[in-house]
Amino acid sequence: MAVATLTINLENLVANWRALDACSALSVETAAVVKADGYGLDAGHVAGALAKAGAKTFFVAVAEEGVAVRKSAGPDVEIYVFSGCCGDDAALLKAHNLIPLLNSPEQVNEFLPIGQAFGIQLDSGMNRLGMEPAEFASLKAQITAAGPKLVMSHLACADEPDHPQNRAQLDCFRAMTDGLTTRKSLSATGGTLLGADYHFDLNRPGVGLYGGAPFGDAKAVVGLAIPVIQTRRVTKGETVGYGANWTATRDSKVATIASGYADGLIRAIGNGNLNLYAGDTPCPLIGRVSMDLITVDVTELETIPDHLDLLNDIQTVDHLADAAGTIGYEILTSLGARYNRVYKG
Ligand SMILES: *Cc1c(COP(=O)(O)O)cnc(C)c1O
């Protein structure tokens with residue numbers, strides 16, 4: 001088989017959820033963000049595993065994403081939609097019992113008369129989604145009378161613990177919500193790690209569940225084994241790949257493996273010092289990443305295995321992200337459709 005295998009370790013996913021849950025008091029619920037198809041790992045599998053482990057609340061980006069989550073996590077969990085109710089979402093929200101997080105006075109005015117469950121998203125300083133303090137103040141009486149299920153906001157800089165905007169947003173969120181009896185939520189993965197001040201009633205981690213920064217203690221969730229399809233000898237002075245970008249400084253053995261940027265291994269990962277692994281043995285990624293192929297210096301290996309690992313417990317999505325000058329979130333959500341996917345646990 002010349003298709004790479006992406007292994008998604010659902011046991012480690014659940015362990016990460018439990019570890020993040022342990023960061024907060026028992027009274028604080030830990031939900032799970034499964035937007036973008038569970039950060040590229042399949043929202044159905046992810047939500048199913050977490051629901052089985054006891055997660056009761058899920059968040060998706062748009063109503064359509066909630067359908068798969070409802071199906072796999074069952075009828076009893078709460079599923080919130082960050083984008084609120086857009087266009088003709090109301091019927092879909094109702095059909096699958098999804099709860100929109102209303103973002104604007106327009107959404108509030110249109111949705112409240114329908115009489116379905118809703119939450120409120122506030123802007124505490126990120127200026128992306130949610131009602132501004134003045135907008136919320138003018139609608140507060142009407143909103144609280146209708147009984148929102150949750151009031152939430154989102155931190156812009158929580159992956160930098162010392163950033164002054166964290167405290168400023170916390171103060172703003174408190175000022176907007178003090179005195180409300182509605183359940184409150186401010187924190188994603190980063191805020192969960194900032195401590196109890198940021199926890200309120202519910203935390204909403206996403207990336208930490210999937211093994212990514214800023215959750216430094218996360219267990220790796222994703223493994224990627226890529227088949228070796230050819231091995232060749234390259235003489236000292238010869239080059240490998242597009243642009244003749246890599247030159248052998250000694251007589252070498254080079255393996256060509258079957259994944260590339262069309263599989264989400266963005267070309268920029270070739271700029272870093274990444275390895276492919278034969279078990280625990282690192283073999284440098286060399287030359288440019290092609291559409292379907294990557295080349296690897298396997299000179300040090302005595303026997304060439306049938307596959308090499310790009311993602312394992314040693315080299316994670318964050319290492320790939322660093323090599324490419326991006327974030328683990330983008331690596332995860334770029335993982336391609338061509339992989340053979342195996343779910344463990
Ligand atoms: C994506 C997102 C989250 C989860 O963020 P992570 O950094 O992945 O933990 C939580 N809340 C909102 C509003 C989001 O958009």
Side-chain angles (χ1 to χ4, degrees), residues 13 16-21 23-24 28-41 43 46-47 50 55 57-63 65-66 69 78-84 86 98-104 107 118-131 149-161 163 165-166 169-170 172-173 176-177 183-195 198-218 221-222 316-318 321 326-335:
L13 171 91
N16 289 337
W17 177 72
R18 293 212 166 100
L20 286 165
D21 187 42
C23 294
S24 61
V28 179
E29 182 184 345
T30 300
V33 177
V34 294
K35 64 193 183 195
D37 200 20
Y39 287 47
L41 303 185
V46 165
L50 291 172
T57 304
F58 294 87
F59 290 84
V60 294
V62 294
E65 292 182 336
V69 178
E78 288 192 333
I79 303 171
Y80 287 93
V81 179
F82 286 135
S83 59
C86 301
L98 311 173
I99 308 172
L101 289 155
L102 306 178
N103 282 300
S104 63
Q107 287 194 353
F118 70 97
I120 294 288
Q121 186 157 190
L122 300 175
D123 177 39
S124 55
M126 188 173 184
N127 286 306
R128 188 181 66 169
L129 277 180
M131 276 181 278
K149 307 272 290 179
L150 185 72
V151 181
M152 60 150 285
S153 188
H154 192 48
L155 297 166
C157 306
D159 56 345
E160 294 176 58
H163 200 292
Q165 185 156 333
N166 295 324
Q169 287 196 249
L170 175 62
C172 179
F173 185 63
M176 278 194 275
T177 61
R183 295 180 85 210
K184 297 168 194 168
S185 175
L186 179 61
S187 289
T189 303
T192 301
L193 301 170
L194 288 180
Y198 290 83
H199 291 171
F200 297 89
D201 298 300
L202 179 144
N203 288 330
R204 319 178 302 271
V207 75
L209 305 173
Y210 309 102
F215 185 30
D217 296 334
V221 172
V222 188
T316 69
V317 289
D318 290 315
T326 182
I327 52 177
Y329 302 72
E330 190 178 9
I331 300 294
L332 279 168
T333 55
S334 301
L335 293 168

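Whatever order the structure lists ligands and atoms in, that order sets their numbers, starting from 1.
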Inset, instruction - Name all residues meeting the side-chain contact (heavy atoms from CB on, under 4.5 Å) criterion together with Ser334; count only those two or more places apart in sequence or in a different chain, and write none if there are none. - result: Glu330
Legend entry - Contact atoms of ligand 1, heavy-atom distance to Pro205 under 4.0 Å: 9 (O)
Legend entry - Which of the ligand 1 atoms, numbered from 1, are nearer than 4.0 Å to a heavy atom of Ala188: 3 (C), 4 (C), 5 (O), 6 (P), 7 (O), 9 (O), 10 (C)
With nothing but distance in play, are any N or O atoms of [X] less than 3.5 Å from an N or O of ligand 1?
X: Arg128; result: yes
X: Gly206; result: yes
X: Val207; result: yes

Legend entry - Option among Leu129, Leu102, Val81, Leu150 that satisfies the side-chain contact (heavy atoms from CB on, under 4.5 Å) test with Gln121: Leu129
Inset, instruction - Return the set of residues passing salt bridge (charged side-chain N to carboxylate O under 4.0 Å, His left out) with Glu29 (not counting sequence neighbours), or none when no residue passes. - result: Arg183
Legend entry - Side chain, backbone, both or neither: His154 near ligand 1, heavy atoms under 4.0 Å: side chain
Inset, instruction - Please state which part of Phe59 comes within less than 4.0 Å of ligand 1, counting heavy atoms only: side chain, backbone, both or neither. - result: neither
Legend entry - Nearest protein heavy atom with distance in Å, relative to atom 9 (O) of ligand 1: Thr189 OG1, 2.5 Å
Inset, instruction - Quick one: look up the protein heavy atom nearest atom 2 (C) of ligand 1 and list residue, atom name and how far away it is. - result: Lys35 NZ, 2.5 Å
Min side-chain heavy-atom separation [X]-[Y] under 4.5 Å:
X: Leu98; Y: Val60; result: no
X: Phe200; Y: Met152; result: no
X: Met176; Y: Met131; result: no

Legend entry - Nearest neighbour of atom 4 (C) of ligand 1 from the list Tyr329, Phe82, Tyr39, on a heavy-atom basis: Tyr39
Legend entry - Side-chain donor or acceptor of Asp37 paired with backbone N/O of Ala43 under 3.5 Å: yes
